[in-house]
Amino acid sequence: MASGIYLVLDSNSTAGRPLEDIAAAAVAGGITTIQLRCKDMPAGEFTAQVLACARHTSGRATLLVNDRIDVYLAARARGADVQGVHIGQSDIPADLARTLIGPHAVLGLSASTADEIDAANELNAIAPGTIDYLGVGAVHATPTKKDHPEPLGYEGLAAAVARSSAPVVAIGGLDATDVPAVVASAAASMAVVRAICAAEDPRTATAHLISLWEGETP
């Protein structure tokens, strides 16, 4: 399960740099979870990106595929060391996703409302282990996800963490300035996009964020 700083490696946020270069730098900086998000790519190109990034994360960090279970399965079939998927509310249902990826893969689900969190809780109560974690947000408005839900703010995040029976990864417009409040919310992890992807030095940015998180964690 993701804990600490979690990188959403977004193909539209790297300032034109190769995704695998950002992945390599983040791993060198100490990142332990990367979700690869390539909404602008067809399945074949996305699969190639997973294979390239997996060469840097294998044995060092968990690599998750955003939305595309077909891409996850294709990358696995090609021998990539990729650990699971993160899906949204409009993707296939989480119980079906779990069936497709198997019992040992990681499955994360986005949730932004009390009803969505309650539904995830109910699913895990009926079939424990279906969902490994919830990605909860948006904490703030973010330009990297135009269709983000109404921002929760810190109070809304803390309420969502308290409501969820699964660990929570906070997401949505977060950077180094948010670390104290996210740790205080009891979220297990804080997802960042531009704070690493768009940083001039992604390795140093990653190490800095991890240091801040560890400094705030009891």
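Judged by distance alone, the side chain of Asn121 and the main-chain N or O of Ser165 form a donor-acceptor pair under 3.5 Å. One N or O on the side chain of Asn124 and one on the backbone of Ile131 form a donor-acceptor pair closer than 3.5 Å. Between the side chain of Asp132 and the main chain of Gly108, no donor-acceptor pair closer than 3.5 Å is present. Under a 3.5 Å cut-off, the side chain of Ser189 and the backbone N or O of Gly4 do form a donor-acceptor pair. Formation of a donor-acceptor pair under 3.5 Å by the Arg68 side chain with backbone atoms of Cys38 is not found in this model. Here the side chain of Arg17 pairs a donor or acceptor atom with the backbone of Cys197 at under 3.5 angstrom. Side chain of Ser13 to backbone of Leu9: no donor-acceptor contact under 3.5 angstrom is found. Using a distance-only test at 3.5 Å, with no hydrogens or angles considered, a donor-acceptor pair links the side chain of Gln89 to the main chain of Ser110.
Here the straight-line distance linking atom CG of Leu212 with atom CD of Glu214 works out to 10.0 Å at 0.5 Å rounding. Here the straight-line distance linking atom CD1 of Ile34 with atom CG of Asn66 works out to 13.5 Å at 0.5 Å rounding. Here Ile196 contributes atom CD1 and Tyr6 contributes atom OH; the two are 12.5 Å apart, rounded to the nearest 0.5 Å. Rounding to the nearest 0.5 Å places CG of Leu100 at 5.0 Å from CD1 of Ile92. Atom CG of residue Asp21 and atom CG of residue Leu19 lie 9.0 Å apart, to the nearest 0.5 angstrom. Considering CG of Leu109 and CG of Leu123, their distance stands at 8.5 Å, rounded to 0.5 Å.
Atom CD of Glu122 has 12 or fewer neighbouring heavy atoms from other residues, nucleotides or ligands inside a 6.0 Å radius.
Heavy-atom minimum distance, Ile117 versus Ala160: CD1-CB, 3.6 Å. Across every non-hydrogen atom of Ala43 and Asp70, the tightest pair is CB-OD2, 4.0 Å. Considering every non-hydrogen atom in both Ile69 and Ala97, the closest pair reads CD1-CB, 3.6 Å. The two residues Ala191 and Val8 make their nearest non-hydrogen contact at CB-CG2, 4.1 Å. Residues Val65 and Val50 come closest through the heavy atom pair CG2-CG2, 3.9 Å. Closest heavy-atom contact between Val82 and Arg76: O-NH1, 3.1 Å.
Hydrophobic clustering of Ile, Leu, Val, Met, Phe, Trp and Tyr side chains at less than 4.5 Å, counting indirect connections, keeps Met41 apart from Leu51.
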| message | With side-chain contact (heavy atoms from CB on, under 4.5 Å) as the criterion, how do Ser164 and Val136 come out once you've worked through the C-alpha distance, each side chain's angles and the decisive distance to 0.1 Å? | response | CA-CA 10 Å; Ser164 175; Val136 171; 5.9 Å; no
| request: Report the C-alpha separation of Leu152 and Ser112 in whole Å, then their side-chain angles, then the decisive distance to 0.1 Å, and conclude whether the side-chain contact (heavy atoms from CB on, under 4.5 Å) test is met. | output: CA-CA 8 Å; Leu152 297 171; Ser112 58; 5.6 Å; no
| said: Please determine whether side-chain contact (heavy atoms from CB on, under 4.5 Å) holds for the pair Phe46 and Arg37, giving the CA-CA distance in whole Å, both sets of side-chain angles, and the decisive distance to 0.1 Å. | reply: CA-CA 9 Å; Phe46 193 174; Arg37 184 165 71 188; over 6 Å; no
| Stepwise side-chain contact (heavy atoms from CB on, under 4.5 Å) test for Thr57 and Arg55 | CA-CA 6 Å; Thr57 58; Arg55 288 195 287 270; over 6 Å; no
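Here salt bridge (charged side-chain N to carboxylate O under 4.0 Å, His left out) pairs that include residues 161-183, with residues two or more places apart or in two chains, are Asp118-Arg163.
Using a 4.5 Å heavy-atom cutoff, the side chains of Leu7 and Thr206 are not in contact.
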Identify all side-chain donor-acceptor contacts of residues 180-188 below 3.5 Å with residues at least two apart in sequence or on another chain.
from: Ser185; atom 1: OG; to: Val182; atom 2: O; distance (Å): 2.6
from: Ser185; atom 1: OG; to: Ala187; atom 2: N; distance (Å): 3.2

